[in-house]
Amino acid sequence: MDLMTEAYITGAGAYLPGDPVGNEELAARFGDGSRRGEAMRRRALAANGIRTRHYAVDDKGMTVMLNEELAAHAVLRALRDRGLPVSAVRMLATGTTAGDVLVPGFASMVHGRLGGGPMELLSAAGVCAAGMAALKGAVSAVRLGEHPVAVAVGSELVSRSLADPGDPGVMADTSFLRWTLSDGAGAVVVEPEPRPGGLSLRVDWMHLVSHAHDHPVCMSAGLGDDREPRAGATWLDRRDPPQGGKPEVPALRQDMSALPALIDLGVCEFSALVKAGRIDPRTEHVLCHYSAEHFRAKLFDRLREAGYDPDEHSWFTNLHTAGNTGAASIFVMLDAARPRLRPGDRVLLIVPESGRFSLAFAQLTCVGPGQADSPAELSASPLGAPEATDAPAATRAFTELAGVWAQFQRLLDRVPVVRRIEDGTATLDDYRRLLLNLRQQVVDGGRWISLAAANFSVELFWLRSAAIQHAAAEHRDYQLLERDFAAVGGDPEVMAVTPANIGSAALSAFVFHRAGLPDPVDLLGALFVIEGLGKLKAAHWADRLQQSLGLRDDQLSFFRYHAEGDDEHFQILSAALRSGPFDDSAVTRIVKTARVVARLYALQLEELDHV
């Protein structure tokens, strides 16, 4: 069974072409000189709050750089920040509203400009959320272990797509975008481990969702005047010669009246993620893409109406100086925000897309250099830190298992039911479902430990004896759990017939498989995780449940028992790791099994919200 790993943003870079263009220069460059045009410009600039922005076209409207060039510059800056060459990249994921050409895909064009070696490509098309779609592709590939280095880049060159201000057919919605959108690119490097020096950002989760099934097109280019997608009515279908003999450039248009509904939709999605335990409203840094300062104020109003109290100081933006760079904006913003970040801080990314109403969220956690092997993590491990007299194999086992525990702790922090227990919002039904879903794993515990004991050879007779004693001590634990379940109103007959959830089933299948192999010493890693929960979490969770639900000790006997008994089990485990004749190969197996069991145990708990 392969283990999904973590994904970290280890480098970032942004590229904004040319000199910053201020509002007065903007009027000279794009204004049409009419009273109506000037009024629209002033109204748009007052609403968006942008003071400077950047363009890849000159003051005569001629394109001086390609979109693929902007993207390539941003990628190179991100790689330089990380200290890696282009040849290290094995996946390139791009997001943009429109590439320079219809075919090939944008990622192919950026790859061709960057060079480097063979790599996987992903071209995400859309509007503002395309950059986040590219990031999710890169993160997923790294987590699956398919690539050691991936790059995600968002890039926009919209200035050449904005309508001619002298065109009498220009609509107010198009004119607003002319004063709001600008060019630029941003990129991030994604790897399975934190960077050796400097700050990294662990990607805890991502959530992308479209609501196009409920909403018509809001922002578009290339549709007819009625904005309805109909065969024969798109810009590629037109056969009439362009008016005045000039080639037609589809103008970007936006239904401004629809945007308040996008804000409401975003607040609803935000609330759903809070209730699911994924978003903590107290997150230290929030980076939210919005096209205008006007919408920021409306968003805060909606959040307050929904019962939240957003700390405006934690909401970072560089819209005022970088402009609205669409799919690139979240990366451009993240690059600018990095000096504010400290190890342990959480960062929430939010990108609403008005194209046809999509939303993208991601939570990042700041990780300092070498944090995975820090003394704090070693001491936080149920085993504690290795001792100076330990053999090299034991030292390695203690150190790497501490890293597994730290990763497991991060997994648990993201599990909804665990979050509810920790913050005191767990319900009695949560507790009953927790006991109900733990039962099968607890029943199976004594059985797989007994099977493992039977498969230890004479050379590991001492380990067989320890396993037999452990199985004897645990084989009736499920009865404590059943009594607690009944004591809090659960039906014992329901518990007896409830099947294992998919996490429990996968966990049992894995450990039984390993226990059936000759000399399954790697199951020490499984015991490290499972007994570690008892040693470090059982008493704490019992206390939190007792405080929030008013439970008696006799309704929490399973957790109370394991809080005491597992400390003794860990003394045995510690002695086994120190005294056993384990080589590097055995330690590798122990640590890998610990990682797998940690993942599956977390899955078992996640499934409480899906059964």
Show the atom names and distances, to 0.1 Å, of all donor-acceptor pairs under 3.5 Å that link a side chain in residues 326-338 to residues at least two apart or in another chain.
residue	atom	partner	partner atom	Å
S329	OG	H289	ND1	2.8
S329	OG	G326	O	2.7
D335	OD1	R338	NH2	2.9
R338	NH1	D81	OD2	2.8
R338	NH2	A12	O	3.3

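In terms of the salt bridge (Lys or Arg N to Asp or Glu O under 4.0 Å) criterion, E24 has no residue partners (sequence neighbours excluded). For D264, the side chain to side chain donor-acceptor pair (under 3.5 Å) partners are R302, not counting sequence neighbours. Not a single salt bridge (Lys or Arg N to Asp or Glu O under 4.0 Å) links E269 to another residue, sequence neighbours left out.
Panel note: side chain S314, backbone V286; no donor-acceptor pair is recorded below 3.5 Å. Side-chain atoms of R90 do not come within 3.5 Å of backbone N or O of E120 as any donor-acceptor pair. Not a single donor-acceptor pair under 3.5 Å links the side chain of T321 to the backbone N or O of T52. Under a 3.5 Å cut-off, the side chain of T283 and the backbone N or O of D280 do form a donor-acceptor pair. A distance-only check finds a donor-acceptor pair linking the side chain of E353 to the backbone of A129 [under 3.5 Å]. With hydrogens and angles disregarded, a donor-acceptor distance shorter than 3.5 Å links the side chain of H111 to the backbone of G117. The backbone N or O of G18 lies less than 3.5 Å from a partner atom in the side chain of H54, making a donor-acceptor pair. Proximity of a side-chain donor or acceptor of E156 to a complementary backbone N or O of T97 within less than 3.5 Å is detected. Side-chain atoms of N67 come within 3.5 Å of backbone atoms of A98 as a donor-acceptor pair (strictly under, hydrogens ignored). No donor-acceptor distance shorter than 3.5 angstrom exists from the side chain of R53 to the backbone of D183, with no hydrogens or angles considered.
Counted by atom type alone, R595 and Q407 present one or more donor-acceptor pairs between their side chains at under 3.5 Å. Side chains of R396 and T588: a donor-acceptor N/O pair is present below 3.5 angstrom, by distance only. When only modelled atom types and interatomic distance are considered, N324 and T180 share no side-chain donor-acceptor pair under 3.5 Å.
The closest side-chain heavy-atom distance from L223 to P229 is below 4.5 Å. Here the side chains of C366 and V347 are in contact, with some heavy-atom distance below 4.5 Å. The side-chain heavy atoms of L341 and L201, taken from C-beta on, include a pair separated by under 4.5 Å. Side-chain contact between M65 and Y15: present, with at least one pair of heavy atoms (C-beta onward) separated by less than 4.5 Å. With a 4.5 Å cut-off on side-chain heavy atoms, D100 and R160 count as touching. In this structure, the side chains of L259 and S354 come closer than 4.5 Å at one or more pairs of heavy atoms. In this structure, L299 and L303 have side chains that are in contact, with non-hydrogen atoms separated by less than 4.5 Å. Residues T365 and R410 form no side-chain contact, since every pair of their non-hydrogen atoms from C-beta on lies 4.5 Å or further apart.
Between F357 and A258, the shortest heavy-atom contact is CZ-O, 3.3 Å. Here the closest heavy-atom approach between residue G184 and residue P17 is recorded as CA-CD, 4.0 Å. The shortest heavy-atom contact between V57 and S159 is CG1-OG, 3.3 Å. The two residues N23 and R41 make their nearest non-hydrogen contact at O-NH1, 3.5 Å. Taking both residues in full, the closest heavy atoms of A107 and L92 are given as O-CD2, 3.8 Å, listed atom of the first, atom of the second, then distance. Residues L364 and D204 come closest through the heavy atom pair C-OD2, 3.8 Å.
To the nearest 0.5 angstrom, D301 atom CG is 9.5 Å from I263 atom CD1. Taken from CD in Q363 to CD1 in I350, the straight-line distance is 11.0 Å, to the nearest 0.5 Å. From F408, atom CZ reaches atom CG of D413 across 10.5 Å, with rounding to the nearest 0.5 Å. One finds the CG atom of D311 at 10.5 Å from the NE2 atom of H285 (value rounded to the nearest 0.5 Å). A distance of 8.5 Å separates SG of C218 from CE of M256, quoted to the nearest 0.5 Å. Interatomic distance, T96 OG1 to F106 CZ, rounded to the nearest 0.5 Å: 4.5 Å.
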*Criterion side chain to side chain contact (heavy atoms under 4.5 Å, CB included) on L319 and N48, from CA distance to verdict*: CA-CA 9 Å; L319 172 73; N48 65 38; 5.5 Å; no
*asked:* Please determine whether side chain to side chain contact (heavy atoms under 4.5 Å, CB included) holds for the pair M132 and K136, giving the CA-CA distance in whole Å, both sets of side-chain angles, and the decisive distance to 0.1 Å.
replied: CA-CA 6 Å; M132 289 282 273; K136 185 164 188 179; over 6 Å; no
*Decide salt bridge (Lys or Arg N to Asp or Glu O under 4.0 Å) for R342 and E284; before the verdict, give the C-alpha distance in whole Å, the side-chain angles of both, and the deciding distance to 0.1 Å.*
CA-CA 10 Å; R342 298 293 181 268; E284 291 81 1; over 6 Å; no
*Please lay out, stage by stage, how M219 and L177 fare under the test side chain to side chain contact (heavy atoms under 4.5 Å, CB included).*
CA-CA 10 Å; M219 185 175 184; L177 293 176; 4.0 Å; yes
*Report the C-alpha separation of L66 and R113 in whole Å, then their side-chain angles, then the decisive distance to 0.1 Å, and conclude whether the side chain to side chain contact (heavy atoms under 4.5 Å, CB included) test is met.*
CA-CA 11 Å; L66 294 172; R113 186 165 292 274; 3.8 Å; yes
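Pairs engaging residues 255-274 under the ring-ring contact (aromatic ring centres under 6.0 Å, His included) rule: F270-Y308 [sequence neighbours left out]. Every pair tested for ring-ring contact (aromatic ring centres under 6.0 Å, His included) that includes a residue from residues 120-159 fails, sequence neighbours excluded, so the list is empty.
Geometrically, R278 engages W205 in a cation-pi contact defined by less than 6.0 Å to the ring centre and at most 45° from the axis.
Heavy atoms of other residues, nucleotides or ligands lying less than 6.0 angstrom from CG of D214 number more than 12.
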